There are 2 protein chains.
Amino acid sequence: MAAETLSLAGLEKTSLRQQALAALRRAITTGELAPGTHLVETELSESLQISRGTLREAMRQLQQEGLIAAGPRGRLSVRHLDAKEIRDIFAVRAALESLAAAQLCELADRAGVIAALHGAIAAMDDAERDGLEPRIEADLNFHRTLCRLTGNETLLHSWQSLEGNIRMSIMFAGLERAVRNMDVKRHADIVDAIETGDKAKAAETIRAHMSGAAQNLVG
Amino acid sequence: MAAETLSLAGLEKTSLRQQALAALRRAITTGELAPGTHLVETELSESLQISRGTLREAMRQLQQEGLIAAGPRGRLSVRHLDAKEIRDIFAVRAALESLAAAQLCELADRAGVIAALHGAIAAMDDAERDGLEPRIEADLNFHRTLCRLTGNETLLHSWQSLEGNIRMSIMFAGLERAVRNMDVKRHADIVDAIETGDKAKAAETIRAHMSGAAQNLVG
DNA sequence: ATCTGCGCGACTGTCAACAGTTGGTCTGTC
DNA sequence: GACAGACCAACTGTTGACAGTCGCGCAGAT
């Protein structure tokens, strides 16, 4: 029986707060909870089957992530994005990811990094057959990996706190427009630029990618 | 009695959660709560005279800001920064603020922006006589203003979520080292670069400023 | 002396209830 | 019919209490 006990399959005992957080994040970024919707604590806690206190903790986190906004008298509602805000979000995203690309260029041995990024691109390629959502996940995973590989935890954390906003932007613009940005070749260009080790070039490639992406979404 | 009722003096009715948030943030960034200190909910709620539920909401927010970190079994403790993390924080900060500088360069009419930034520098100059903390506040205010003037709310929000980490970095390095970065002239250089409207130059000025600042803190 | 249970104290996860405020509605009066 | 004022329902802010779990120390067996 040693094999079973060593598997540790049931290691992740997530708290109710984390489950609620994930559920709400998903509901908002998929549009199940429409922008502008007023989030009533009592209703939500009932539908999620958790207490208000636990729910409130999760909502604070979502508020900090920018997915929900506070109105007068503490009323929380699903944030609504307009075209300018999407452009602003992608400008910040471009700044963060170009830093990531530049930091990766500074690494002496980039072989492992390049391999990991190629793996992420391959996953994007595979996802093309699986539908829209998997493609979006694969795309976000590529960019998240870009940040993670730098080893700069602050950078990764900042990017992740933007991730919800990015997902909302995609949802707002519509999935059809969003998939235009999932082109494999353009992502391969990013990896190639990093491989050369030219910081300025890599950063500029990212900025161009993001500028085009924002244009695709709102233009 | 119209005068009194119109004064709106008591407009800011801050919730206990916000007060707790401010108090904790201050205690951590001033070192009153040393890095690594385990934050026991029952103790803190008693010393702050609030209930645990309210305290927990504030702690979630601090956790997202990166001021406190979660250990095993949900234990929260004051985050500890090492030299690498400070460099990482300042690299992200540089990326955000150079975006701010670049966006400000794109404005057709920069007169108002330049004036506001000169005002912030003048405040730094005044603060030189007032001691260490006011100088730090004036410095942070300058950089926050830089982000705010872009009108990019996401950028401002990202910067502010980094602000706590910046304050921790300053505390960690010691106030004597930190004030080396408060030089008025070097900040004036930033404003001058923005005034020329040269995006690349302005961004590079910021990056150099931040690189030097990080070096001053940990070098 | 070392190891194995066993309690016990300490803390976090979670919940249900109370209090205060705001906005709407309904009624009575002019 | 319009307006003023008083109820009333709906929410959020805040609290105290209960439950589960982890780590530690102590006693007893080998």
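Note that the structure is predicted; figures quoted are calculated from it, not measured. Chain letters run A, B, ... following the sequence lines, proteins first and then strands; every chain starts at 1.
- A donor-acceptor pair shorter than 3.5 Å cannot be found between the side chains of A/Gln64 and B/Gln64.
- What separates CZ of B/Arg60 from P of C/dT12 is a distance of 10 Å, to the nearest Å.
- Here D/dT15 presents its P atom at 10 Å from CG of B/Leu55, a figure rounded to the nearest Å.
- No side-chain heavy atom of A/Asp88 sits under 4.5 Å from any side-chain heavy atom of A/Val92.
- Checked against ring pair (Phe, Tyr, Trp, His ring centres under 6.0 Å), A/His157 has no partners two or more places apart in sequence or in another chain.
- Put simply, CZ on A/Arg17 is 11 Å from C1' on C/dT14, counting in whole angstrom units.
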**Fill in**
Once base and sugar-phosphate atoms are separated, protein heavy atoms under 4.0 Å mark nucleotides 19-24 of chain D, 5' to 3', with B, S and - as --SS--

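- The distance from atom CD of B/Gln18 to atom C1' of D/dT12 is 13 Å, rounded to the nearest whole Å.
- Residue-to-nucleotide proximity on DNA chain C shows that, of A/Ser15 and A/Arg52, the 5′-proximal contact is made by A/Ser15.
- Rounding to whole angstrom units, CD of residue B/Glu57 and P of D/dT12 are separated by 12 Å.
- Within residues 34-48 of chain B, the residues that place at least one heavy atom under 4.0 Å from DNA chain C are, in residue-number order, B/His38, B/Leu39, B/Val40, B/Glu41, B/Thr42.
- We find that CG of B/Leu76 is positioned 7 Å from P of C/dG13, with the value rounded to whole Å.
- Between A/Ser51 and C/dT14 there is no side-chain N or O to OP1 or OP2 distance below 4.0 Å.
- To the nearest 0.5 Å, atoms CG (B/Leu39) and CG (B/Leu67) are separated by 10.5 Å.
- Atoms CZ (B/Arg56) and P (D/dG13) sit 17 Å apart, rounded to a whole Å.
- With B/Gln63 as reference, B/Arg60 is the one residue of B/Arg60, B/Glu65, B/Gln61 to meet the side chain to side chain donor-acceptor pair (under 3.5 Å) rule.
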**Prompt:** Does the pair A/His118 and A/His187 meet the rule for a ring-ring contact (aromatic ring centres under 6.0 Å, His included), with working shown?
**Reply:** CA-CA 9 Å; A/His118 277 144; A/His187 286 80; over 10 Å; no

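- Remark: C1' of C/dC15 and CD of A/Gln49 are 13 Å apart, rounded to the nearest angstrom.
- Using a 4.0 Å heavy-atom distance criterion, B/Gly74 is classed as a sugar-phosphate-only contact.
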